[in-house]
Amino acid sequence: MELFTEGDPIADTKAPAGPIDRRWETRRFEAKLVNPANRRKMTVIVVGTGLAGGSAAATLAEQGYHVKSYCYQDSPRRAHSIAAQGGINAAKNYRNDGDSVHRLFYDTVKGGDFRSRESNVHRLAEVSVNIIDQCVAQGVPFAREYGGLLDTRSFGGAQVQRTFYARGQTGQQLLLGAYQALERQIGLGSVEMNARHEMLELVLVDGKARGIVVRDLVTGEISTEMADAVVLASGGYGNVFYLSTNAKGCNVTATWRAHRKGAYFANPCYTQIHPTCIPVSGDHQSKLTLMSESLRNDGRVWVPKAKGDDRSPKDIPEDDRDYYLERIYPSFGNLVPRDIASRAAKNVCDEGRGVGPTKLGVYLDFADAIHRLGRKAIEAKYGNLFEMYERITGEDPYEVPMRIYPAVHYTMGGLWVDYDLQSSIPGLFVIGEANFSDHGANRLGASALMQGLADGYFVLPTTIANYLASGPLDKVDASHPAAVEARTDVEDRIRRLLAVNGDRTVDSFHRELGQIMWEHCGMERSEAGLRKAIDEIRALRDQFWQRVKVSGTGEELNQSLEKAGRVADFFELAELMCIDALHREESCGGHFRAEHQTPDGEAQRDDDRFAYVAAWEFTATGEPSVLHKEDLKFEYVHPTQRSYK
Amino acid sequence: MNLTLRIWRQKGPEDKGRMVTYPVDDVSPDMSFLEMLDVLNERLILAGEDPVAFDHDCREGICGMCGLMINGDAHGPQRGTTACQLHMRQFKDGETIDIEPWRASAFPVVKDLVVNRNAFDKIIAAGGYITAPTGSAPEAHSTPVAKANADAPSSRRPASAAVPAWRPARTAPACSSPPPSSPSSRCCPRASRSVTPG
Ligand SMILES: Cc1cc2nc3c(=O)[nH]c(=O)nc-3n(C[C@H](O)[C@H](O)[C@H](O)COP(=O)(O)OP(=O)(O)OC[C@H]3O[C@@H](n4cnc5c(N)ncnc54)[C@H](O)[C@@H]3O)c2cc1C
Ligand code: FES
């Protein structure tokens, strides 16, 4: 059977015409407005309370809409955004080092390896400056210079210092800002907060998104919630690999259920493997821990020059070390973008020059920086990261170099959205990591927080009004046949998961799925590997539905049931990721096909054939998906071979 | 390592609850405390028993989800370390470890080691925020903040530190486990990534 079929291309992304730096203003002016008195009568569902969902829910409520907000954690402030460490980009040019909106736009399009939509990226760069103002007004304690002004640092893929940060806890501090804005609206009664609730289905009425089916994770009660529009801000799907830097609960369920209902899934194979994570230590490993990219400002990456050099790092003299990033990429050195740094680490390990017990590791060495700046300065900058490293590995990074290895970190793919952040289902908007926009085939460091907040504070609240203003929509409630059907589907699925009562745990399946994905759809992909992976995933998925053992019942707090539902969706997503990776016969950004590389091993794009967004339409379980292509036009940043040498 | 765990089991808020003893063998010192509980749960599931419910998410010491009382200590024996960042090398082979929920009258038990911490969000909703509606912010550089104040860990930052004097203080603690017994500190004193001096 064919793996997929091809459908009509996507003709219109709804980006206004005209010069790029006028498009967002044009859109804002042309977007219809909703009269404040009418806003009160409209309900918007927002799934997710991370930076994207939290900021969107708070802002929509400030504007006067009635908002229903959902998250699976016990409090909105624990969304995975809280884990972001390094920082957030903005084109403030406070350093007078040549930064500008245009440069941030340029760096992002180039960093994404020319696979993102110019109009969206430009808007992101424009809005970036407002984000910093907004967060400072909320009291986010960004790092300051001696004189009290904001400090910035460098991140990968940029030659200017535009990253704002709050020690190693930027995400936490930004999220507390959004969370407080959200809590304020909860206190005012404008937002109805539903923590410990998981969205398990989308409700469509007359082709429009009108509600969701949720499960109360404490009581197991299933309910149907209706609204005028639905916003998904449910984060990324990196946990399809089992081991990743994502929080354990991160999942694809919300977006996958919407995909099954008709929302296109774009570029699922674009995943980001972060070069600096603590290596796997054994089979018990349940997640991987990131060591912030900011460490590459001062740490130097190296491996021994000789294969199998087992000396301790201290005993390896300078001459026997290979600072391979500095050697291969002299102009960006240790600060090359993530995809490049990750693959370089894989290559030296494949050559047999990896370090540590598993030989899947490279050194990140601070000796020079400690010597140059003093231990105190390093402690001030990275103290909390060094402590975290020591707690996990039992080694002191002030004394011995850190050992790091790439790990799955972020997913650039996600639900397809137009310029308004609306999916292919009218009334369904997707923001933050859950959508595919802005980062192309590779995201630059410190740009996810920027995108989440841009979408939530500034973009969505404008564009969703345009949709709502085109109403009023028919009144519908949970007794509508479409809503009842969605609810019945959810109940059936839970019953099926519980009924298998087999002999393998959910985690054991998830681990095995993760291994298949890491092996064949990870840092390097090939046609043979991907075909093999597709067969293996299908076989394992069949096994899952025959042998999985989920304990307990549906009418209680049941973490094993929650996991089972998520893993079942990961199985379906995994197959589509491999099909997407297989069909894209080129290398770009985080998608590296072994067959498509330059003579010196860099990613080789094929702009003639693949300068498009691959938007996949679901047909039926087990049936081939339909590929819709959105052609990418580059009017301002002309595609070149990306070079950081 | 071989350990004996004594874990608080409680089916729901109405159940009385009790400590139950479980031996666990072949624990690696490189495991985190929660990974050790994963091993136990995998075994319980296969044996047809109810796995131990416990809250967790980030598993890197920042989200505050994993509040546990370990041997009577919040988050266990290592200072400044959340349960998810505690590693088994902190324990001795043959040890018996007591694991209880981090309960209080404001944080009733939901199931096993899971407690309801909504009370904390209610405090924030009641006024623990700065009023800065989206779009109303002045240029970020219009109000300088002293470096020492910006750098202070949020648990030690003076109430007026991160915000200009004319705004109400930022009151949210940097992390979110149930407040510790000592009333002097506003937030969990042990969360790994939130209280490093710097
Ligand atoms: C360790 C780490 C460090 C990072 N550091 C940086 C950094 O320094 N700079 C940067 O720019 N980016 C960083 N990133 C990336 C960035 O943190 C994320 O991409 C971003 O925070 C995602 O925000 P979000 O709002 O889209 O989703 P999330 O913060 O992931 O929020 C998802 C929300 O959706 C809810 N949810 C999910 N599924 C469901 C469901 N089915 N039902 C109900 N609710 C659901 C969750 O409860 C949660 O509230 C980092 C990522 C990691 C893993
Ligand atoms: S699981 Fe997040 S702090 Fe422990």
Hey, could you give me each pair passing salt bridge (Lys or Arg N to Asp or Glu O under 4.0 Å) that has a residue in residues 127-148 of chain B? Not counting sequence neighbours. A/Lys92-B/Glu139, B/Lys147-B/Asp151

With a 4.5 Å cut-off on side-chain heavy atoms, are A/Leu182 and B/Tyr129 touching? no

Less than 4.5 Å to any heavy atom of chain A: does that hold for the side chain of B/Val110, its backbone, both, or neither? side chain

Ignoring hydrogens, what is the shortest heavy-atom contact between A/Arg78 and B/Gly64? Give both atom names and the distance. NH1-O, 3.1 Å

Assert top hit (heavy-atom pairs under 4.5 Å, partner chain B, pool A/Asp503, A/Leu557, A/Asp151, A/Asn558) equals A/Leu557

Tell me, side chain or backbone of A/Gln185 under 4.5 Å from chain B's heavy atoms, or both, or neither? neither

Please rank A/Asp507, A/Leu188, A/Val218 by heavy-atom pairs under 4.5 Å with chain B and give me the top one. A/Asp507

Any idea which heavy atoms bring A/Ala137 and B/Ile130 closest together, and the distance? O-CG2, 3.5 Å

Please answer whether the main-chain N or O of B/Lys122 pairs with a side-chain N or O of A/Glu183 as donor and acceptor at a distance below 3.5 Å. no

Applying a criterion of heavy atom separation less than 4.5 Å, what residues of residues 3-14 of chain B form contacts with chain A? none

Heavy-atom cut-off 4.5 Å, strictly under: side chain, backbone, both or neither for B/Glu49 against chain A? backbone

B/Pro133 and A/Arg184 have their tightest heavy-atom pair at CG-NH1, 4.2 Å

Once you round to the nearest 0.5 Å, how far does CD of B/Glu42 lie from OG of A/Ser508? 6.5 Å

Heavy-atom pair of closest approach, residues B/Thr143 and A/Arg144: O-NH1, 3.6 Å

Between A/Asp133 and B/Ala140, which heavy-atom pair has the shortest distance, and what is it? OD1-N, 2.8 Å

Reported CD1-to-CD1 distance for the pair B/Ile124 and A/Ile186, which is rounded to 0.5 angstrom: 11.0 Å

Between the CD atom in A/Glu62 and the OG1 atom in B/Thr131, the distance rounded to the nearest 0.5 Å is 9.5 Å

Beyond-backbone contact of A/Ser55 with B/Thr134, side-chain heavy atoms, under 4.5 angstrom: no

Should A/Arg391 and B/Thr81 count as side-chain neighbours, where that means a heavy-atom distance under 4.5 Å? yes

Chain A heavy atoms under 4.5 Å from B/Ala126: which part of the residue, side chain, backbone, both or neither? neither

Nearest 0.5 Å, what's the OG1-CZ distance between A/Thr505 and B/Arg43? 13.5 Å

Under a 4.5 Å heavy-atom cut-off, does chain B meet the side chain of A/Phe142, its backbone, both or neither? backbone

Evaluate B/Asp55 against A/Arg196 for salt bridge (Lys or Arg N to Asp or Glu O under 4.0 Å), listing each step before the verdict. CA-CA 11 Å; B/Asp55 266 332; A/Arg196 290 204 201 264; 2.8 Å; yes

So, do B/Arg59 and A/Ser286 sit near enough that their side-chain heavy atoms are less than 4.5 Å apart? yes

Could you tell me which of B/Ala137, B/Ala53, B/Ala125 has the largest number of non-hydrogen atom pairs under 4.5 Å with chain A? B/Ala125

Heavy-atom proximity to chain B below 4.5 Å, by part of A/Ser560: side chain

Of all the heavy-atom pairs spanning A/Ser551 and B/Ile45, show the shortest one and how long it is. OG-CG1, 4.1 Å

The interface call for B/His141 against chain A, heavy-atom contacts under 4.5 Å, is both

Do the side chains of B/Arg117 and A/Asp74 get close enough for a salt bridge, i.e. N-O under 4.0 angstrom? yes

Enumerate by number any residue of residues 15-30 of chain B whose heavy atoms lie under 4.5 Å from heavy atoms of chain A; in the absence of such residues, state 'none'. B/Ser28, B/Asp30

Side chain from CB out, backbone as N, CA, C, O: work out which of these in B/Asp121 comes under 4.5 Å of a heavy atom of chain A, or both, or neither. both

Taken to the nearest 0.5 Å, the spacing of B/Met65 CE from A/Gln73 CD works out to 6.0 Å

Report yes if some heavy atom in the side chain of A/Arg77 is under 4.5 Å from a heavy atom in the side chain of B/Phe120; otherwise report no. yes

Are any side-chain N or O atoms of A/Lys287 and backbone N or O atoms of B/Cys58, one a donor and one an acceptor, separated by less than 3.5 Å? yes

Please look at B/Asn118 and chain A and tell me whether the side chain, the backbone, both or neither of the residue comes under 4.5 angstrom of a heavy atom of that chain. side chain

Quick one: does any side-chain atom of A/Gln134 pair with a main-chain N or O of B/Gly135 as donor and acceptor, under 3.5 Å? yes

Need one label for A/Ile131: side chain, backbone, both or neither, based on atoms under 4.5 Å from any heavy atom in chain B. neither

Exactly one of A/Gln169, A/Gln85, A/His80 should register a side chain to side chain contact (heavy atoms under 4.5 Å, CB included) with B/Ile62. Which one does? A/Gln169

Taken to the nearest 0.5 Å, the spacing of A/Ser281 OG from B/His87 NE2 works out to 7.0 Å

Under the side chain to side chain donor-acceptor pair (under 3.5 Å) test, which residues partner A/Asn239, sequence neighbours left out? A/Ser244

N/O donor-acceptor pair under 3.5 Å between B/Asp57 side chain and A/Gly249 backbone: yes

